[in-house]
Amino acid sequence: MYGRDVLSGDWRRPRRGQIPEIEAEHDLVVEDAEGRFCGAVVACDKEAVTLEDRFGRRRVFPLTPAGFLLDGEPVTLVRPAAAPKGPRRSASGSIAVEGLRARVARESRIYVEGVHDASLVEKIWGHDLRVEGVAVEFLEGIDDLPGIVEEFAPGPGRRLGVLVDHLVPGSKESRIAARVSGDHVLVVGHPYVDVWQAVKPAAVGIPAWPDVPKGIPWKEGVIAALGWRMEPGEAWRHILGRVGEYTDLEPELLGRVEELIDFVTDPTPDA
């Protein structure tokens, strides 16, 4: 009554069409099938694709079937179709610089709170940052920010921009920001508890980010409320995989990152 045994035959072999084919578009972020290297597409020909990670390291991989992971799922990368006429846009919406060679990094830097913030900034603004020669580093929190700023020794031509989570009046973050801000240091932030919330719920496929009661770790609370069976790192890879361009992010984050990039690349001489 149930028909043929569903496990009969070679059930391990994917049926034709099960592995989707994805065009290896510039700045598409994927992992190799072994999960050992994650990076953005910077070049692709008929036989291979070049990936660049957030540290600027590049590796070349053959375009083999099911040779990559996108949002944790196997995909086959294929060479993109001919590009449409007109200037190509980067993920941030800026006009992409063709044949870009990253310039030597400036002394100025942008610091963000954690690795999730850094990976999101790289995915959307990575092209722009390489054009400008700006490095982004993560801090693992800002409790030690005054000491970090002192060690960095900002000054003329050596500016520091800092992106902070949950920068709202009266918060611990706002008090720390007030201690370090100055002519050569700009601290800006978004109102969200965590950078996850800066991704629009619609991009993730949820109606809204859930409220997490005080006393419960925010990421773990979100995962539980959404019914995801994932660890925080896996959940973030899932979220980041849904982000394709700047329109997937909230304006409160977009404006602040653009402000930081403008600050650290401003050619106007410091006072």
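Predicted model only: the values in this text are computed from it and were never measured.
Interatomic distance, R59 CZ to L51 CG, rounded to the nearest 0.5 Å: 9.0 Å. Considering CD1 of I142 and CG of D165, their distance stands at 8.5 Å, rounded to 0.5 Å.
Distance alone, capped at 3.5 Å, places no donor-acceptor pair between the K123 side chain and the G244 backbone. With hydrogens and angles ignored, the 3.5 Å screen pairs a side-chain donor or acceptor of D117 with a backbone N or O of G114. D248 places no side-chain N or O within 3.5 Å of a backbone atom of A203 that could act as its donor or acceptor partner. T265 contributes a side-chain N or O that, together with a main-chain N or O of I261, makes up a donor-acceptor pair within less than 3.5 Å. A donor-acceptor contact shorter than 3.5 Å is absent between the side chain of S181 and the backbone of L186. At distances below 3.5 Å, not a single donor-acceptor pair connects side-chain atoms of D144 with backbone N or O atoms of G147. Between the D266 side chain and the D262 main chain, no donor and acceptor come within less than 3.5 Å of each other. With hydrogens and angles disregarded, no donor-acceptor distance shorter than 3.5 Å links the side chain of K46 to the backbone of R79.
Side-chain contact between E113 and L139 is absent, with no heavy atoms from C-beta onward closer than 4.5 Å. A heavy-atom distance below 4.5 Å is found between the side chains of C44 and L63. In this structure, the side chains of L249 and L120 come closer than 4.5 Å at one or more pairs of heavy atoms.
At a threshold of 4.5 Å between side-chain heavy atoms, the hydrophobic network of Ile, Leu, Val, Met, Phe, Trp and Tyr places V29 and L77 in two separate groups. Under the 4.5 Å side-chain heavy-atom criterion for ILVMFWY residues, no single connected hydrophobic cluster contains both V121 and I148.
More than 12 heavy atoms of other residues, nucleotides or ligands sit less than 6.0 Å from atom CD of E137.
Remark: E52 engages R130 in a salt bridge, criterion side-chain N to carboxylate O under 4.0 Å. At a threshold of 4.0 Å, the pair R237-E234 does not count as salt-bridged, since none of the basic side-chain nitrogens sits closer than that to a carboxylate oxygen. Ion pair D71/R242 flagged as a salt bridge, since at least one NZ, NE, NH1 or NH2 atom sits closer than 4.0 Å to an Asp/Glu carboxylate oxygen.
Tested against D143 for a salt bridge (Lys or Arg N to Asp or Glu O under 4.0 Å), the candidates R175, K172, R179 yield a single pass: K172. None of L254, V134, I110 except one satisfies the side-chain contact (heavy atoms from CB on, under 4.5 Å) rule with W125; the exception is L254.
A side-chain hydrogen bond (donor to acceptor under 3.5 Å, both in side chains) check over residues 204-229, counting only residues at least two apart or in different chains, returns the pairs D194-K219.
Shortest non-hydrogen contact noted between A235 and I223 is CB-CD1, 3.9 Å. When all heavy atoms of P146 and I176 are compared, the pair lying nearest together is CD-CG2, 4.1 Å. Scanning both residues, L167 and A177, for their nearest heavy atoms gives CD1-CB, 4.1 Å.
For the pair R159 and F263, the cation sits on the ring face: its NZ or CZ lies under 6.0 Å from the ring centre, inside 45° of the axis.
Y192 is linked by a ring pair (Phe, Tyr, Trp, His ring centres under 6.0 Å) to H190, counting only residues two or more places apart in sequence or in another chain. Residues forming a salt bridge (Lys or Arg N to Asp or Glu O under 4.0 Å) with D53 (at least two apart in sequence, or on another chain): R57.
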